[in-house]
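FYI, side chains are in, hydrogens and waters are out, and symmetry mates aren't considered; it's all heavy atoms of this structure. Note that the coordinates shown come from a computational prediction; the quantities given were computed from them, not determined experimentally.
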Amino acid sequence: MVELGAAIDRKAILALRRQVRFQDGRPYDGRCSKVAAALEAQFGWKREWGRLRLLDARVCWQHCWNQLANGRILDATADQFESRWLGDIVVLDALDPHATAYQPAPPGWTFTLREQKGVIELVAVRDGVQGHDVAIPCVSWIAAARQVLTLMTGWSLPDDLIDYAARALRVRALLHQSITSLDLDGRLSVYEGAHATAARGGFWMSPEYAAVLE
């Protein structure tokens with residue numbers, strides 16, 4: 001991780017973050033999308049969206065940050081992850097190993113699963129790619145979920161996430177419905193939020209509101 005340089009004014013970033021968070025009036029939300037959009041408007045730093053894999057292998061499935069012209073990553077709402085990430089405001093060089101934890105604009109997938117004779121048939125179709133459907137036989141719903149999450153992220157993920165995804169996939173299969181990676185991102189985001197709240201023993205509150213309310 002690099003130090004904030006002259007071109008990145010920490011005080012200006014904190015002031016803008018504070019302004020956005022108070023305008024939205026949501027003390028338990030990092031407001032990453034709104035903050036990244038405000039930084040893009042103010043400084044011209046491209047707003048990115050995607051996933052972030054944290055130090056404890058948990059995932060923020062829907063996150064936003066900024067990309068600087070020199071390729072560096074600026075995450076102005078990293079404070080919401082506390083000790084699970086790298087600090088209050090994170091700036092990473094493009095070649096920093098931690099930069100690979102940010103997965104911008106992940107490609108979309110549509111997954112269709114059905115169970116026949118004890119085998120889970122998984123068909124995965126990547127958005128915008130014709131003739132490259134992936135058909136994978138899986139021995140269990142856990143194996144199918146692991147394949148789905150690997151296609152989506154390329155990451156090795158905790159067992160409870162795989163188990164949750166397996167249940168979501170099985171429900172869709174019972175309803176004879178496909179599921180998109182965007183839908184699964186949303187479901188996993190809710191699950192991870194509940195997991196983080198339980199692990200810390202309560203809701204995270206942004207420091208701007210904590211200074212006033214606690």
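- Ring orientation note: the planes of Phe203 and Tyr28 are tilted relative to one another, at an angle of 30° to 60°.
- Between Glu40 and Lys46 no salt bridge is recorded (no basic side-chain N to carboxylate O distance below 4.0 Å).
- No side-chain donor from either of Thr153 and Arg53 sits under 3.5 Å from a side-chain acceptor of the other.
- One finds a salt bridge joining Arg21 and Glu208 here, because a Lys/Arg side-chain nitrogen approaches an Asp/Glu carboxylate oxygen to under 4.0 Å.
- Although no hydrogens or angles enter the test, the distance criterion places a donor-acceptor pair under 3.5 Å between the side chain of Glu192 and the main chain of Val59.
- Without hydrogens or angle criteria, Arg187 side chain to Leu182 main chain gives no donor-acceptor distance under 3.5 Å.
- In plain terms, the two heavy atoms of Trp45 and Asn66 that are nearest each other are O-ND2, 3.0 Å.
- Of the residues Asp133, Thr180, Thr112, the one that meets the side-chain contact (heavy atoms from CB on, under 4.5 Å) test with Val125 is Asp133.
- Note on Asp88 versus Arg10: salt bridge recorded, some NZ/NE/NH1/NH2 to OD/OE distance being below 4.0 Å.
- Between Tyr102 and Trp85, the angle of the ring planes goes over 60°, which puts this pair in the perpendicular group of the 30/60° scheme.
- Ion pairing of Arg31 with Asp29 is present here, as a side-chain N (NZ or NE/NH1/NH2) and a carboxylate O approach within less than 4.0 Å.
- To the nearest 0.5 Å, the span separating CZ on Arg170 from CD on Glu115 amounts to 5.5 Å.
- Asp75 places a side-chain N or O within donor-acceptor distance of the main-chain N or O of Ala78, the cut-off being under 3.5 Å.
- Between Asp183 and Arg172 a salt bridge is recorded (basic side-chain N to carboxylate O distance below 4.0 Å).
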